[in-house]
K.L.:
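Below are the C-alpha cells for one structure; questions will follow.
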Amino acid sequence: MIYLFVLLIIGFLVGWLLRNKNNWIKTSEKILLYTIYLLLFTIGMSVGKNPKIIKNIFILGIDALVISFFCVLGSISIAFIVFKYILKK
Amino acid sequence: MKGTIVVISLFLVGLIIGLVDFYPHNINFEQLTDYLLMALMFIVGVTTGANKKTIALLKNANIKILTIPLSAIFGTWIGIIIVSLIYSKYHFFDLMAIGSGFGYYSLSSVLIQGVKGDDLATLALISNIFRELLTLIFTPIIAKYFGKIAPIASGGATSMDVTLPIITKYVGTEYAIISVFSGTVLTFLVPIFVTLFIKI
C-alpha cells in the first residue's frame, strides 16, 4: 500500500506546480469526482453479486449507525471540553 | 445533498446490476478497482496541492484554531475505541480506518474497498453517510448543549461544504471560516489516516 502514499505525494507536488493554471485545477477536480462515482458504481456491483453482504445488509446498517453515533458523540464531547476550557478563556 | 443522492443512487444501481447478474463477465473488476484507486490517490494529491485556498488556510493556522479539527480527530478515535469494545467481530484498526473517513464517505469507502474488500467498504460508506446525516439533523441540538464548535467537529470533513450551511445557521456566520478550515484539514487527512490504518 506504500505506493498509494507515493502517488498521493507525487500528485500533491504536481498539483502544487500547476497551482496557477486554473483550468487544470477545475479539470482535475472534475476527474476526481467522476473517478469516485465510477468506483462507487463498481463497488456497488461487487457488493450486489456478493450474497453474504446482501444477506447481512440490515446488520451492516445497524453497525454503521452505532459507529457513526459514537464518532459524533466522541467528537462533540471533546469539542465541548475544548470550547469550555481552552477557547473560552 | 445533491452529491449524496448521486453517490447513493450510483451505488444502488451498481448493486442491482450485480444482484441480477447483468454485467460483462470478461472484465476483471478487482483489477479495474486497483487501477482506479491508484488514479484516485494521484488526483486527490493534485487537487489538494493545486488548491491555493487550502495552502493559504493551512499557512494561517494557529494552535487555537487547530484545536477544532484535533477535537474531531481525537473525539472520533475515542468513539471508535468505545465501538471496538462493543463489537469484537471487527478489527480495531479496520474500525479506526472507517472512523477516519470523518464523513468523507466516497473517498474513505473506495480506499477501504481496495484493501479490505466489499463488506468493510459498505460499512465505511454507510457509517460515513450517517455521520453527515446525523450532523445535518442534530446540529441545532448539538450547538445548544455542546457549544459552538461541536457541530463543526461532528461534521468532520463535511463541515467545509455539505454541512456548512446548517452549521453557520446555528453557531453564527463568524464560525464559517473556522468550519471551512476544520473541514479542509480533515479532508486533507482522510486519505493519509485511512491508508495508514488499513495498512496496520
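So you know, we letter chains A, B, ... as the sequences are listed, proteins then strands, and number each from 1.
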K.L.:
Which one wins on heavy-atom pair count under 4.5 Å against chain A: B:D118, B:I43, B:V83?
P.N.:
B:D118
K.L.:
Give, as side chain, backbone, both or neither, the part of B:L134 having an atom under 4.5 angstrom from any heavy atom of chain A.
P.N.:
side chain
K.L.:
So which of A:I54, A:N56, A:L18, A:L17 has the largest heavy-atom pair count under 4.5 angstrom toward chain B?
P.N.:
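Counting heavy-atom pairs under 4.5 Å, the top option is A:I54.
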K.L.:
Could you tabulate the donor-acceptor pairs under 3.5 Å formed by side-chain atoms of residues 57-74 of chain A, not counting sequence neighbours?
P.N.:
residue: A:D63; atom: OD1; partner: B:Y87; partner atom: OH; Å: 2.7
residue: A:D63; atom: OD2; partner: B:K89; partner atom: NZ; Å: 2.9
residue: A:D63; atom: OD2; partner: B:Y90; partner atom: OH; Å: 2.5
residue: A:S68; atom: OG; partner: A:A64; partner atom: O; Å: 3.0
residue: A:S68; atom: OG; partner: A:L65; partner atom: O; Å: 3.1

K.L.:
Could you look at B:I98 and say if it's the side chain, the backbone, both or neither that has a heavy atom under 4.5 Å from chain A?
P.N.:
side chain
K.L.:
Find the one option among B:S9, B:G79, B:S106, B:A50 whose heavy-atom pairs under 4.5 Å with chain A are most numerous.
P.N.:
B:A50
K.L.:
Under a 4.5 Å heavy-atom cut-off, does chain A meet the side chain of B:S154, its backbone, both or neither?
P.N.:
both
K.L.:
Which atoms of B:I152 come close to chain A, meaning under 4.5 Å heavy atom to heavy atom: side chain ones, backbone ones, both, or neither?
P.N.:
neither
K.L.:
Just wondering, do B:M160 and B:T187 contact through their side chains at under 4.5 Å, heavy atoms?
P.N.:
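Counting from C-beta outward, B:T187 and B:M160 do come under 4.5 Å.
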K.L.:
Only one of A:L33, A:T35, A:L39 clears side chain to side chain contact (heavy atoms under 4.5 Å, CB included) with A:Y37; which?
P.N.:
A:L33
K.L.:
Tell me, side chain or backbone of B:L70 under 4.5 Å from chain A's heavy atoms, or both, or neither?
P.N.:
neither
K.L.:
Within a 6.0 Å radius of atom CH2 on A:W16, are there more than 12 heavy atoms belonging to other residues, nucleotides or ligands?
P.N.:
no
K.L.:
Sort B:L12 into side chain, backbone, both or neither according to what part of it lies under 4.5 angstrom from a heavy atom of chain A.
P.N.:
neither
K.L.:
Side chain from CB out, backbone as N, CA, C, O: work out which of these in B:I142 comes under 4.5 Å of a heavy atom of chain A, or both, or neither.
P.N.:
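Answer is side chain: those atoms of B:I142 sit under 4.5 Å from chain A.
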K.L.:
Quick one: what part of B:I78 sits under 4.5 Å from any heavy atom of chain A, side chain, backbone, both or neither?
P.N.:
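Contact with chain A: side chain only.
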K.L.:
Could you give the side-chain donor-acceptor pairs of residues 164-180 of chain B under 3.5 Å, partners two or more places apart or in another chain?
P.N.:
residue: B:T168; atom: OG1; partner: B:L164; partner atom: O; Å: 3.0
residue: B:T168; atom: OG1; partner: B:P165; partner atom: O; Å: 3.0
residue: B:S179; atom: OG; partner: B:S159; partner atom: O; Å: 2.8

K.L.:
Who wins among B:L40, B:I82, B:T67 for the most heavy-atom pairs under 4.5 Å with chain A?
P.N.:
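Ranked by contacts with chain A, first place is B:L40.
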K.L.:
Testing the basics here: between B:F193 and B:S100, what is the closest heavy-atom pair and its distance to 0.1 Å?
P.N.:
CB-CB, 3.8 Å
K.L.:
Between B:L95 and chain A, which part of the residue has a heavy atom less than 4.5 Å away: side chain, backbone, both or neither?
P.N.:
side chain
K.L.:
Quick check on side chain to side chain contact (heavy atoms under 4.5 Å, CB included): which of B:V194, B:I112, B:V190 does B:L107 satisfy it with?
P.N.:
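Running side chain to side chain contact (heavy atoms under 4.5 Å, CB included) over B:V194, B:I112, B:V190 with B:L107 returns exactly one hit, B:V190.
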K.L.:
Could you go step by step and tell me if B:R131 and A:S75 meet the side chain to side chain donor-acceptor pair (under 3.5 Å) rule?
P.N.:
CA-CA 11 Å; B:R131 179 167 189 160; A:S75 299; 3.0 Å; yes
K.L.:
Side chains of B:T76 and B:F102, heavy atoms from C-beta outward: is any pair under 4.5 Å?
P.N.:
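In contact.
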